[in-house]
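Here's the structure, in structure tokens; my notes come after.
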Amino acid sequence: MEYNHKQIEQKWQQYWAEHKTFKAENNSPKPKFYVLDMFPYPSGAGLHVGHPLGYIASDIYARYMRHKGYNVLHPMGYDAYGLPAEQYAIQTGTHPAVTTEKNIARYRQQLDQIGFSYDWDREVQTCDPFYYKWTQWTFIQLFNSWYDNKSNKAQPIEKLINAFAANGNEGIVAACDETEPFTAEEWNAMGEKAQQELLMNYRLAYLAETWVNWCPELGTVLANDEVKDGVSERGGHPVERKRMRQWSLRITAYAQRMLDGLDTIEWSESIKEVQRNWIGRSEGASVNFAIDGHNEIIEVFTTRPDTLYGATFMVLAPEHELINTITTADQKEEVDTYVTWAKNRSERERMTEVKKVTGVFTGAYGINPLTGEKVPIWTADYVLSGYGTGAIMAVPGHDSRDFAFARQFQLPIIQVVCANDDQPSDPATWEESYDSKEGKMINSGIINGLEVKEAITTIIKHIEDNKFGYGTINYRLRDAIFSRQRYWGEPFPVYYKDDMPYTVDESKLPVELPEVDKYLPTESGEPPLARATNWETEEGYRMETNTMPGFAGSSGYYLRYMDPTNDKEYFSKEAADYWQQVDLYLGGDEHATGHLIYARFWNKFLFDIGIAPKDEPFKKLINQGKIQGRSNFVYRVNGTNKFVSKGLRSEYETTALHVDINFVHNDVLDTEAFKNWREEYKNAEFILEDGKYICGWEVEKMSKSKYNVQNPDELVVHYGADTLRLYEMFLGPLEAHKPWDTNGIEGVFRFLKKTWKLYHNENNEFDVSDEKATAEELKVLHKAIRKIEDDITRFSFNTAVSTYMICVNDLSALKCNKREILEPLAILLSPYASHMAEELWQLLGHEGSVEYIDFPEFRKEYVEENTFEYPVSFNGKMRFKITLPVDMPKEEAEKAVVEAEEAQKWIEGKTVRKIIVVPKRIINVVVV
RNA sequence: GCCCGGAUGGUGGAAUUGGUAGACACGAAGGACUUAAAAUCCUUUGACCAUUGCGGUCGUGUGGGUUCAAGUCCCACUCCGGGUACCA
């Protein structure tokens, strides 16, 4: 039989499904290994060749680990909530569940035909009530928890309530909103509503009025990571700042642990760095400035408390709550105008006009706590309401933004730090501020003469002793906005009583997504769920109408895979104790500030409440690179319907046009297919070179409009899944971004046919001999075993493919058809060319799957040699080779080299200074 | 601006610890088989010089350095890709 990939692949895919070959057991004496892919959002476009890249790599690893005796958990599911299905629903009225189900079916069919070794019995879909019950359950736990900075973990809210009832909030050190001190008596005297409101300051899932990213086009708020460059990540619509009452998750409570945890996990340095920046820890001090003529104070955060003597003005963000209070009558109009203007600017405008310095004086003065001097208070939008306290002390001498502002509005500049190799100078002559932390303090009272670093610690102590501030740490990370005004998401398990939110009883979960007549907001602007009839509890309390964001369902899905059919709990303790955490996680690095932040937070919380077994969810993370498109171009001679081949285009005035890559093979255009593509090309003429039309090419994003989208289906039909699997790996290092280019796929296909032939005679009959293998054959095999294992374990999936090729090429040259070689080779191939390996294994006379057969053991005695062919170089340049025994003493080797015939012409007339012999590597002769 | 990647033949890439640069594959050229095509097989293929053969010179973005030896380490720079930002 010839290599018939279609028949073989169908047969084994069916076998695997019927026999549940890849079923993972929660009880097993074997060591466990958990390999996870980031689950996909099932879009209408289906899979393109970029998706399977990571899936194939993880599949190879999973299969390899099974051969090595591990009980492997390798599940797949769907991140099924998402905007596209909902936008489609708005346009067509089709329920998003219907669209989603259809898309999932297509994804499944595409995944199946590539032959992944998923345990499909563990599939999860985030939109399935059976699954999102646990998303809702987790939300309830978050609602009922607060973060105790003393024990440094989440604690039950009852503990807090008990503490309040006993001692008020004295002695409570929590991650919370600013809360006035109160006593036990005060607490006990409060009504329920007041108590609930107060508790809201502490809950890890809380409802609060906050500045949010509002996207009018999508009709919803977005989290910070869902906004890129001032527009929505999905759809690219403008985003505004708006104050709204929203659910948030107090992820900031975990900022330090999220930062520390990064040092304990095996992720790429770059993605850790992105997360560190996103968390944005900075050390500094909080300093209180009194306001002249007011009782209020302005609290500022600064990383440079040492420059406090150089603070010559203050700036409040336009959103700052004290602006109204402190603005003087004669400045009021100007300030109001400015504040209104600044607030209404879109994020996008604000970002693109960064260079433009704007601001207005409020008329009020702050008092520098060190000098007692009055400094003017301004408002300007270069101070952000979302960072620190939304207020700064401006030190124009040593901060470039303050410097620009001072110059613009002619505010005084004082030098307080002097570079060590410089003399103090008049700031009026400066062209830029001196921002460096190197230097000595001047004009700075009690810290004069100190180095910046000493000055910082000294001044913080002084500030604390005099009680006008304290040393503190600030994070850029914001709490995660957790409500969306959309239909297609998890409903909150929340109802409202007396306008205060309460969670529904856990026994009532899941709160199922209700039907609505339209997937749009109501006339009064409420979210779509407000359209549902009887959207209230049995007692008649109204239900929350927001839904949860996309990251809700994906933040804990890896835990649910451990025990996905459990209807009593999220997952059993036994399952969690067995699987612990994900050992290897594969996915794109675009999730660095979204999913990978939220999932770590989610997991840490579940760890705190004692159900997740590990503090970190993903032990090792690999980011597969993006597959870019490779577009092809034809060159139309301007004003004609003639197309000129690439090499001749310089002779004409031409326009390059994208051409569908399906009409192009190895950059040669199928002119007939091109003519039939579109009516306008029916009569196209071609100017050929060497009888061919050669297309130009370029690497671009894969997109429909560029006609460069490669869908794996047609490749599977033509070459088979095994070829696709090998080829995607052969493309290059897993983590590199690389263009998709089918030009090399033939080579991989040839390799598989060649492999098949090893097991078959010239009449295509299976023909394997039981003869003893030669030393040479064994050496070829064992060199491959060593290299393949080494490559897979260091995730170098591309080089393993070359190793297979070398091995098969060598065995073909040796005309080897011996069972002693070909049987281990079939196992060796199984992680990559899984279908063929199964078929060969069966042809070799075995019952059942090759999947759990032990990986061939590398035996070094087969590859060891007693001689080595040394490259001999003279002054570092390789000149000839000499074969010497590996155990030859250096002196003898040196002698052998110098006496070698080929050496004479390099030594002649020169002196041999030195000979370096590196055993089993190289011999270098230094001559002068 | 800052942070992180990267730059090796016509192309994708290999070279794991400083030790033969270009594995493996594509493409290209030539050839075998064939009525023909497909498939398969063989030879050549970094550049330049030499060519009857032996060979030789240069060569991993650029310029310097360390070393017996540098794609690999160090310093400076150029370009490309990605991320991120009035973050006080």
Side-chain angles (χ1 to χ4, degrees), chain A residues 2 228-229 268-274 276-278 280-282 284 300-304 307 315 350-351 353-357 380-384 386-395 398-402 404-405 435 474-477 589-590 592-593 625-626 628 630 666-668 697 699 727 730-733 735-748 750-751 753-754 757 762 787 790-791 794 796 798-806 809 812 869-881 905 913-918 920-927:
Chain A
E2 280 203 49
K228 291 248 150 75
D229 300 325
S268 72
E269 229 10 81
S270 70
I271 208 155
K272 286 192 198 177
E273 203 53 33
V274 169
R276 282 188 196 108
N277 292 338
W278 188 257
R281 177 192 156 108
S282 45
V300 303
F301 173 74
T302 175
T303 54
R304 295 293 302 273
T307 61
V315 186
R350 197 168 160 155
M351 283 176 160
E353 292 171 18
V354 157
K355 295 265 141 54
K356 228 163 100 187
V357 180
D381 70 353
Y382 83 90
V383 174
L384 305 177
Y387 186 77
T389 58
I392 61 154
M393 63 173 207
V395 184
H398 306 284
D399 180 286
S400 53
R401 295 152 304 176
D402 297 343
F405 195 81
D435 293 9
N474 197 35
Y475 297 91
R476 196 186 81 107
L477 185 72
D589 56 8
E590 67 272 20
T593 55
K626 270 194 208 64
Q628 297 148 310
R630 186 183 189 275
N666 290 328
D667 293 332
V668 177
W697 62 273
V699 172
Y727 188 59
F730 192 55
L731 229 39
E735 303 193 64
H737 299 279
K738 46 202 173 275
W740 178 255
D741 179 354
T742 51
N743 287 348
I745 201 165
E746 292 283 347
V748 170
R750 269 176 222 151
F751 156 74
K753 285 193 284 192
K754 213 167 165 181
K757 272 197 193 159
E762 51 283 8
K787 183 85 166 83
D790 186 34
D791 287 347
R794 65 195 174 91
S796 177
N798 54 328
T799 51
V801 181
S802 310
T803 307
Y804 285 126
M805 290 174 170
I806 293 166
N809 286 347
S812 298
E869 192 184 30
Y870 280 94
V872 179
S873 51
F874 288 81
N875 293 340
K877 285 198 199 309
M878 209 280 285
R879 297 303 179 183
F880 66 92
K881 288 178 182 171
K905 70 183 273 199
R913 256 294 146 75
K914 198 173 173 187
I915 301 177
I916 290 113
V917 179
V918 185
K920 285 214 234 168
R921 285 229 186 252
I922 201 169
I923 295 171
N924 189 22
V925 184
V926 185
V927 290

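Naming: A, B, ... by sequence-line order, numbering from 1 per chain.
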| query | A:Ser268 side chain to A:Ile271 main-chain N or O, any donor-acceptor pair under 3.5 Å? | reply | yes

| Contact state string [nucleotides 19-25 of chain B, B base, S sugar-phosphate only, - no protein heavy atom under 4.0 Å] | BB--BBS

| Are A:Lys738 and B:G12 close enough that a side-chain N or O sits under 4.0 Å from OP1 or OP2? | no

| query | How close or far is atom C1' of B:A88 from atom CE of A:Met393, stated in whole angstroms? | reply | 9 Å

| task | Can you tell me the distance, in whole Å, between the CZ atom of A:Arg913 and the C1' atom of B:C68? | result | 12 Å

| said: If we ignore hydrogens and angles and just use 3.5 Å, is the side chain of A:Asp435 paired with the main-chain N or O of A:Ser400 as donor and acceptor? | reply: yes

| field | B:G10: syn or anti, per glycosidic angle within 90° of 0 | value | anti

| said: What I want to check is whether an N or O donor and acceptor connect the side chain of A:Asp741 with the base of B:U11 at under 3.5 Å. | reply: no

| task | Go through the side-chain N and O atoms of A:Asn924 and A:Lys914 and say whether any donor and acceptor fall under 3.5 Å apart. | result | no

| task | Pick base, sugar-phosphate or nothing for A:Pro733, based on heavy-atom distances below 4.0 Å to the nucleic acid. | result | sugar-phosphate

| Under 4.0 angstrom, heavy atoms only, what part of the nucleic acid is A:Arg276 near: base, sugar-phosphate, or nothing? | nothing

| field | Integer-rounded Å distance: B:C3 C1' and A:Ile271 CD1 | value | 14 Å

| Length of the line joining A:His398:NE2 and B:A88:C1', which is rounded to integer Å | 14 Å

| message | Assuming nearest nucleotide by heavy-atom distance, tell me which of A:Lys753 and A:Glu273 is located more 5' along RNA chain B. | response | A:Glu273

| request: Could you check whether A:Lys920 gets within reach of a base, just the sugar-phosphate, or nothing at all, counting any heavy atom under 4.0 Å? | output: nothing

| said: So, using side chain to side chain donor-acceptor pair (under 3.5 Å) as the criterion, who are the partners of A:Glu269 when residues are at least two apart? | reply: A:Arg276

| 5′-ward residue of the pair A:Asn277/A:Ala391 relative to RNA chain B | A:Asn277

| task | Using modelled atom types only, decide if a donor and an acceptor are shared between the side chain of A:Tyr727 and the backbone of A:Gly744 within a distance under 3.5 Å. | result | yes

| Spacing between A:Asn474 atom CG and B:C87 atom P, to the nearest angstrom | 13 Å

| Could you give the OH-to-C1' distance, from A:Tyr475 to B:A88, as a whole number of Å? | 17 Å

| query | Within the structure shown, what part of the strands sits under 4.0 Å from A:Ile392 by heavy-atom distance: base, sugar-phosphate, or nothing? | reply | base

| field | Nucleotide B:C87, atom P - distance to CG of A:Asp399 in whole Å | value | 8 Å

| said: Please name the nucleotide paired to B:C79 by Watson-Crick or G-U wobble geometry with both distances under 3.5 Å, or report none. | reply: B:G6

